[in-house]
Each structure stands twice: as C-alpha cells, then as structure tokens.
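Because the structure is a prediction, the values reported are computed rather than measured.
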Amino acid sequence: MANTGRKIGVNIFTLMQNAGISRESLAEKMNYSYRDVCRILEGRLILPPVEMKKLADLFGITKSELIHYEADKFVPELQYMKEFSDTDNLDKILDLLDEYVELKETM
C-alpha cells in the first residue's frame, strides 16, 4: 500500500487536474509556497487537519473524501511507472526513493 502522504498528494494532484488548477494557483489560493505545494503533491509534506479541511473545501468535498479519493494516477511526476504490473512493487520503489531523499536532505 502506498504511503498515506503520497496517496493524499496524488488525490490532490488529480483533483487539481480535474478542476484545472495549477500548482501556482493552488499555492496562491492556500497561501503556500510553490515548493510546499510540490512537497504536498509528492507526499513529503503532511498537512495538519485544519489545512486538509481548507483544501477539501477548495475542491468542494469533505476532508474524508479528500483522504479516501481513489485517484486514477499513481504519482504525478512519474506517470510512466503505471506500467508496473504489480503496484506493490511501485510502492516499494517509491518508498525507497522517499527514504533516500529524506536521508540526503538530513545530511
């Protein structure tokens, strides 16, 4: 199973695409930096419940719907990885990449 942050990020990305909202526009509407929006979509920045509620309101859905939305995409920037026949393998690779990035950033 994908990590929760990444799943929420993919859900947000899909909702943004459906609503025609760019990253820049989302950053402006939510008073976030562009970098923070990218980190949210990558699942590397987890929002507190209050911010999740604001984001859900922006899309006209509930916080629960935002969290449990079944996006048709796996990862916004890695669409080519849809070719994995077993999505668990995709999740494992992405989890390893996430861990590597976190370690690299702390060094």
Side-chain angles (χ1 to χ4, degrees):
M1 179 189 297
N3 92 23
T4 304
R6 189 179 323 117
K7 181 181 182 323
I8 292 170
V10 170
N11 291 348
I12 293 168
F13 179 77
T14 302
L15 290 165
M16 287 170 56
Q17 281 190 319
N18 293 345
I21 298 173
S22 68
R23 292 173 190 221
E24 294 86 357
S25 179
L26 182 66
E28 185 177 313
K29 289 176 188 218
M30 297 296 294
N31 200 26
Y32 298 150
S33 69
Y34 178 83
R35 178 175 162 82
D36 283 346
V37 168
C38 291
R39 291 178 66 213
I40 291 165
L41 297 179
E42 294 165 357
R44 296 180 56 223
L45 179 64
I46 304 299
L47 297 171
V50 172
E51 291 297 308
M52 291 286 286
K53 172 78 169 104
K54 288 181 191 175
L55 198 51
D57 290 345
L58 176 73
F59 292 113
I61 60 176
T62 67
K63 185 171 62 171
S64 179
E65 288 172 322
L66 175 64
I67 294 168
H68 297 100
Y69 184 78
E70 289 298 322
D72 61 349
K73 295 181 174 26
F74 291 118
V75 179
E77 302 302 324
L78 303 174
Q79 283 106 354
Y80 62 88
M81 288 191 162
K82 286 184 183 179
E83 297 174 12
F84 276 73
S85 58
D86 183 353
T87 56
D88 285 338
N89 290 336
L90 170 64
D91 290 332
K92 288 175 186 175
I93 289 171
L94 292 174
D95 288 341
L96 285 171
L97 288 171
D98 288 344
E99 287 180 34
Y100 172 78
V101 169
E102 286 177 24
L103 286 171
K104 189 72 173 166
E105 286 179 347
T106 58
M107 295 175 72

Audit row: Met16, Leu41, side-chain contact (heavy atoms from CB on, under 4.5 Å) steps and yes/no: CA-CA 10 Å; Met16 287 170 56; Leu41 297 179; 3.9 Å; yes

Minimum side-chain heavy-atom gap Asn11-Phe59 below 4.5 Å: no

Whether over 12 other heavy atoms sit under 6.0 Å from Glu28 CD: no

Flag if over 12 foreign heavy atoms under 6.0 Å of CG, Asn18: yes

Shortest non-hydrogen contact from Leu66 toward Ile12: CD1-CG1, 3.8 Å

Interatomic spacing from CZ in Arg35 to CZ in Arg44 - rounded to 0.5 Å: 7.0 Å

Results of side chain to side chain donor-acceptor pair (under 3.5 Å) for Lys53 - residues two or more places apart only: Asp57

Contact summary for Met30 and Glu51, nearest pair of heavy atoms: CE-O, 4.0 Å

Heavy-atom side-chain proximity of Leu55 to Leu26 below 4.5 angstrom: yes

Listed partners of Ile67 passing side chain to side chain contact (heavy atoms under 4.5 Å, CB included), at least two apart: Ile8, Met52, Lys63

Heavy-atom donor-acceptor pair, Lys7 side chain to Tyr69 backbone, under 3.5 Å: yes

Arg39 bridged to Glu42 by N-O distance under 4.0 Å: no

